[in-house]
Amino acid sequence: MTYQNIKGTFDVLPDAARDHSSPVPSSDEWIAAEAKIRAVMTAYRFGEIRTPIIEPTELIARGVGELTDIVSKEMFAFTRGDTNYVMRPEVTAPVVRAYLQHNLGQGGPQKLYYIGPCFRAERPQKGRYRQFHQFGAEVLGAVSPSADVEIISLMISVYSAMGLSDFRLRINSLGDESSRPAYKAALQDYLRPHYEKLSETSRSRLEANPLRILDTKDPGEKALLENAPRISEFLGDESKRHFDDVRQMLDDLGIAFVEDPFLVRGLDYYTRTAFELESDKVGAQSALAGGGRYDLLATELGAKDSVPAVGFAAGFERLFLALAEEQISLSVRKLPDLFFVARGERAHNWVVAHARQLRDRGVAVDLDLLERSVKAQMREANRQAARFVAVVGEDELLSGELVFRNMSTGEELQLSTDHVVEEFCSMAL
Ligand code: AMP
């Protein structure tokens, strides 16, 4: 028996090779999505950061939080010698690590983006994998609500650049150290008399991490929470002003949002703004992207001074699901500019040499690798939908003239074998 990929992972194949009934997009589409993301990130003046896929386990345990599902149940972690490694389940903690390690705070705020794989041992299902791929961005060293809006605006711009429109932005403010303890206590006071009605998970969260109960999916708990105290009633003046400013600026930009008092994002280090971008169309895993402000993370990771920061993270797999639902295919030009059909060995050698020269000039050229008949080579050129086809044989090499046929118009051009590379390149492709 041959080997298979591990459950919850997948291979990404070129369009020409992939099974079109598979939900996994082709590498051509993947590349096109990345190009769009990079273009938007660059326009917003974010620079790319690439951090390792393995990180110290403790960085993730502290950064993401011991009480989260990610750390308590889903880490791919291992030990070698006396070092504990984890395959990163997210990229924010690694970015903050790099920011602190390289003293990136010296020159003012840093605007960083990333693209790459993450790993979580979750139960695989539609839109949920064990190796998945994120893109995201962080503004580090800026406390102003403008930074929150910069991040949200950037995130929306990425999805708009893809041609998507069927998404909803939900936002909330989680307050800060001055308001959170009072809210936690009020929520616990409200929930304790209903302890019997809570699920096993929520019971375990009640004392240590009661805010997590707010994003329950359980209908009974949802109903119970309808009358629970709201964090908005507990916000201190500064958090309130910050949240007002964020909402005002989003309004000014025409970015639609809904306020959701139950949006928490789970992690203890989040302060003030929290947000999620949701699609109704991608099934149970509806969160396309999410993020928020995390002013406490740097000190949690050992920094002397706090680093006010805000960011978002998004999944490629769910982006592709949303694209499929809205029937958008990212246009990718993958057709050969030219297919050389060779008749005979001498012609084949000529074709190999000239294809190489053209390819070195950036022209996409294909040729036969199977010593097929002229007819079979023509069939291949058609199958690949080559823009031009040129047949090269003894006669053409003797006469010094080659015919290039434009396959969509039927128009034919004669180019001399001596100057074929320059002449083909100078034609408008
Ligand atoms: P999180 O870091 O949990 O806030 O996730 C941010 C985004 O990453 C989500 O909105 C999803 O798009 C994506 N994501 C998270 N976990 C997975 C997973 N297991 N499989 C696929 N995408 C995921």
Side-chain angles (χ1 to χ4, degrees), residues 5-10 12 23-25 30 33-34 37 51 55 59-61 63-65 67-76 86-96 113-138 151-152 154-156 158-159 162 164 166-172 174 211-212 214-215 217 260 263-270 273-294 297 309-325:
N5 64 300
I6 283 171
K7 197 163 169 246
T9 71
F10 52 83
V12 181
V24 178
W30 206 289
E34 282 192 10
I37 292 164
T51 60
E55 290 282 356
L59 168 78
I60 300 299
V64 177
L67 296 174
T68 58
D69 287 353
I70 294 179
V71 171
S72 62
K73 300 191 235 164
E74 299 168 357
M75 286 200 298
F76 283 105
V86 63
M87 314 269 285
R88 65 182 187 195
E90 57 104 58
V91 193
T92 302
V95 168
V96 174
Y113 80 91
Y114 58 83
I115 291 179
C118 294
F119 305 83
R120 295 182 194 173
E122 297 191 89
R123 195 168 53 79
Q125 55 178 276
K126 185 179 173 194
R128 198 199 266 175
Y129 297 88
R130 294 189 147 191
Q131 174 173 338
F132 59 101
H133 301 79
Q134 282 195 340
F135 61 95
E138 321 282 354
I151 280 292
I152 294 173
L154 164 63
M155 177 182 77
I156 304 274
V158 169
Y159 287 87
M162 302 284 169
L164 289 167
D166 236 330
F167 49 72
R168 202 161 1 106
L169 175 65
R170 295 187 296 128
I171 65 170
N172 191 17
L174 302 175
L211 263 64
R212 279 304 309 274
L214 293 176
D215 68 1
K217 304 273 182 285
D260 180 349
L263 174 67
V264 283
R265 311 261 329 128
L267 317 183
D268 262 359
Y269 62 69
Y270 275 114
T273 318
F275 57 86
E276 243 169 48
L277 194 70
E278 202 177 46
S279 159
D280 286 331
K281 296 206 159 162
V282 301
Q285 305 301 319
S286 61
L288 295 174
R293 180 165 275 285
Y294 52 91
L297 179 54
V310 53
F312 83 88
F316 274 92
E317 291 76 8
R318 293 184 202 172
L319 165 68
F320 288 120
L321 284 177
L323 287 168
E325 286 301 335

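In each ligand, atom 1 is the first atom listed, and ligand 1 is the first ligand listed.
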Stepwise side-chain contact (heavy atoms from CB on, under 4.5 Å) check, Met155 with Leu169: CA-CA 10 Å; Met155 177 182 77; Leu169 175 65; 3.9 Å; yes
Of the backbone atoms (N, CA, C, O) and the side-chain heavy atoms from C-beta on, which set of Arg130 has a member under 4.0 Å from an atom of ligand 1: side chain, backbone, both, or neither? neither
Can you tell me how the ring of Tyr159 sits relative to the ring of Phe135, calling it parallel under 30°, perpendicular over 60° and tilted otherwise? tilted
Report the relative orientation of the aromatic rings in Trp30 and Phe320; use parallel for angles under 30°, tilted for 30 to 60°, perpendicular for over 60°. tilted
Which residue and heavy atom of the protein sit nearest [atom], plus the separation:
atom	value
atom 2 (O) of ligand 1	Arg120 NH2, 2.9 Å
atom 5 (O) of ligand 1	Gln134 NE2, 3.6 Å
atom 9 (C) of ligand 1	Ala287 O, 3.7 Å
atom 19 (N) of ligand 1	Glu122 OE2, 2.6 Å
atom 22 (N) of ligand 1	Phe132 CD1, 3.6 Å
atom 21 (C) of ligand 1	Gly127 O, 3.2 Å
atom 20 (N) of ligand 1	Tyr129 N, 2.9 Å
atom 11 (C) of ligand 1	Arg318 NH1, 3.4 Å

Using the side-chain contact (heavy atoms from CB on, under 4.5 Å) rule, take Ile151 and Phe275 through it: C-alpha gap first, then chi angles, then the decisive distance, then the call. CA-CA 10 Å; Ile151 280 292; Phe275 57 86; 3.7 Å; yes
Contact check: Ile70 vs ligand 1, nitrogen or oxygen atoms, below 3.5 angstrom: no
Would you check the N or O atoms of Leu288, main chain and side chain alike, for any that come under 3.5 Å of an N or O of ligand 1? yes
Is there a donor-acceptor pair under 3.5 Å between the side chain of [X] and the backbone N or O of [Y]?
X	Y	value
Arg120	Lys73	no
Asn172	Leu263	yes
Arg130	Lys7	no

For ligand 1, is there an atom lying under 4.0 Å from some heavy atom of His133? no
Closest approach of Ala322 to Leu164 (non-hydrogen atoms, all atoms of both residues): O-CD2, 3.7 Å
